[in-house]
There are 2 protein chains.
Amino acid sequence: MLRAIKKYKESISYGISLAMLFFLLRWLEIRLLIFEHQFEIYASIIAVLFTILGIWIANKITSPKVKTIIVEKEIHRIQHEFVLNENNLNLYKISKRELEVLSLIAAGKSNQEIATELYVSISTVKTHIANLFEKLNAKRRTQAIEAAKKLQLLP
Amino acid sequence: MLRAIKKYKESISYGISLAMLFFLLRWLEIRLLIFEHQFEIYASIIAVLFTILGIWIANKITSPKVKTIIVEKEIHRIQHEFVLNENNLNLYKISKRELEVLSLIAAGKSNQEIATELYVSISTVKTHIANLFEKLNAKRRTQAIEAAKKLQLLP
DNA sequence: TAGAAAATCATCCTTAAGTATGACCTTCGA
DNA sequence: TCGAAGGTCATACTTAAGGATGATTTTCTA
């Protein structure tokens with residue numbers, strides 16, 4: 001019941017407005033003595049008032065045009081973890097030991113430091129590095145690092 | 001003049017509608033014999049018609065209601081492009097030229113290649129590098145690269 | 001406009017890096 | 001079981017990298 005009232009609220013108020021206006025007009029007719037062009041004046045008043053009512057109803061009723069704005073919200077990935085490209089490892093025939101040396105080079109270690117860390121002589125390290133340069137087509141360790149990063153052999 | 005007509009187009013058509021309706025009603029009054037509740041019927045017709053007119057005018061004139069719906073769309077960046085950390089650049093007091101040299105070192109260039117590329121002598125390059133090592137607390141160029149990457153001075 | 005900071009160049013020296021070659025040993029698959 | 005591949009080591013050499021110092025010029029900025 002309440003729902004029905006709510007639903008037809010506009011129509012009901014419209015009807016009530018109409019009725020009230022008639023009463024008002026009748027009352028005016030009795031009270032004031034409008035004889036000449038009586039009808040035209042009433043009609044004009046009704047016309048104007050109901051036009052205003054129409055506008056008001058229109059504003060109330062009309063469904064708003066929906067404008068959808070898509071806001072792109074960027075989400076930064078913190079870091080995406082390194083995954084060794086084993087394919088390139090096989091392709092360039094780089095051995096495990098060589099990869100170890102390579103990562104130590106990239107870590108900024110000297111040949112002597114690498115030798116100490118891997119418990120081998122500096123000669124061995126140099127040999128590994130020479131082989132790496134050959135395989136990675138590098139002339140310097142900095143070049144080797146660059147190449148290795150491109151081949152996803154280093155993070 | 002034409003502009004004025006255009007501007008008040010709505011008002012003019014409204015007035016014309018009003019006038020036409022009166023004539024129609026008068027005509028109906030003469031032709032058809034509506035005697036009982038004559039006024040109420042006329043008034044109702046006028047009310048309904050002008051309400052419709054009001055709604056029509058409202059729809060024509062009033063600026064459309066816009067309901068803005070903001071949809072946030074998440075965008076995951078697969079790779080986030082390098083943005084130089086200028087804060088660290090100032091913090092470590094690394095000059096533009098030094099940064100240039102640094103990036104060329106990271107690109108695997110030799111001192112001679114860097115000198116050629118920057119149109120300076122190898123001595124200048126060495127000086128820049130020496131200053132860089134001091135600022136980045138590095139002993140080797142490979143260490144300098146590592147440090148620079150951590151400080152977001154290099155991609 | 002003076003002075004700091006940046007950029008430039010040079011020279012001398014030391015050391016690490018890189019090159020070339022040869023050799024020995026182990027492991028593992030054809 | 002043989003040989004290729006991987007790992008080890010050494011020696012000798014060349015070259016590039018790095019260190020220390022001093023100096024000049026340019027470019028900003030307080």
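The shown structure was predicted, so the numbers you read here are calculated from the model rather than taken from an experiment. Residue numbers begin at 1 in each chain, while the letters A, B, ... track the order of the sequences.
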Provide, to the nearest angstrom, the distance between the NZ atom belonging to Lys93(A) and the C1' atom belonging to dA5(D). 10 Å

Transitive ILVMFWY side-chain link Phe133(A) to Ile114(A), under 4.5 Å: yes

Glu113(B) bridged to Arg140(A) by N-O distance under 4.0 Å: yes

No-hydrogen, no-angle side-chain donor-acceptor test under 3.5 Å, Thr124(A) and Ser121(A): yes

Rounded to the nearest angstrom, tell me the gap between atom CD1 in Ile114(B) and atom C1' in dA7(C). 16 Å

In whole angstroms, how far is the P atom of dG7(D) from the CD atom of Glu98(A)? 6 Å

At under 4.0 Å, does any side-chain N or O of His128(A) touch on OP1 or OP2 of dG7(D)? no

Give the C-alpha distance, both sets of side-chain angles, the deciding distance and a yes or no for side chain to side chain contact (heavy atoms under 4.5 Å, CB included) between Asn87(B) and Gln152(B). CA-CA 10 Å; Asn87(B) 197 35; Gln152(B) 293 169 270; over 6 Å; no

Its contact letters, B for base, S for sugar-phosphate only and - for none at protein heavy atoms under 4.0 Å, make nucleotides 9-26 of chain C read BBB-----BBS-------

Answer yes if Leu151(B) and Leu102(B) sit in the same cluster of Ile, Leu, Val, Met, Phe, Trp and Tyr residues linked by side chain heavy atoms under 4.5 Å apart, and no otherwise. yes

Integer-rounded Å distance: dT21(D) P and Glu134(B) CD: 12 Å

Determine whether a donor-acceptor pair (N or O, by modelled atom type, separation under 3.5 Å) exists between the side chain of Lys126(A) and the backbone of Asn111(A). no

Indicate yes or no for a side-chain donor-acceptor contact from Lys93(B) to the backbone of Lys135(B) under 3.5 Å, with no hydrogens or angles considered. no

To the nearest 10°, give me the bend of the helix from dT1(C)-dA30(D) to dA30(C)-dT1(D), comparing the axes of its five terminal pairs at either end. 50°

From CG of Asn131(A) over to C1' of dT8(D), roughly how many Å is that when rounded to an integer? 12 Å

Only one of Leu132(B), Ile145(B), Ile94(B) passes side chain to side chain contact (heavy atoms under 4.5 Å, CB included) with Leu153(B), and that residue is Ile94(B)

Integer-rounded Å distance: dG6(D) P and Leu99(A) CG: 13 Å

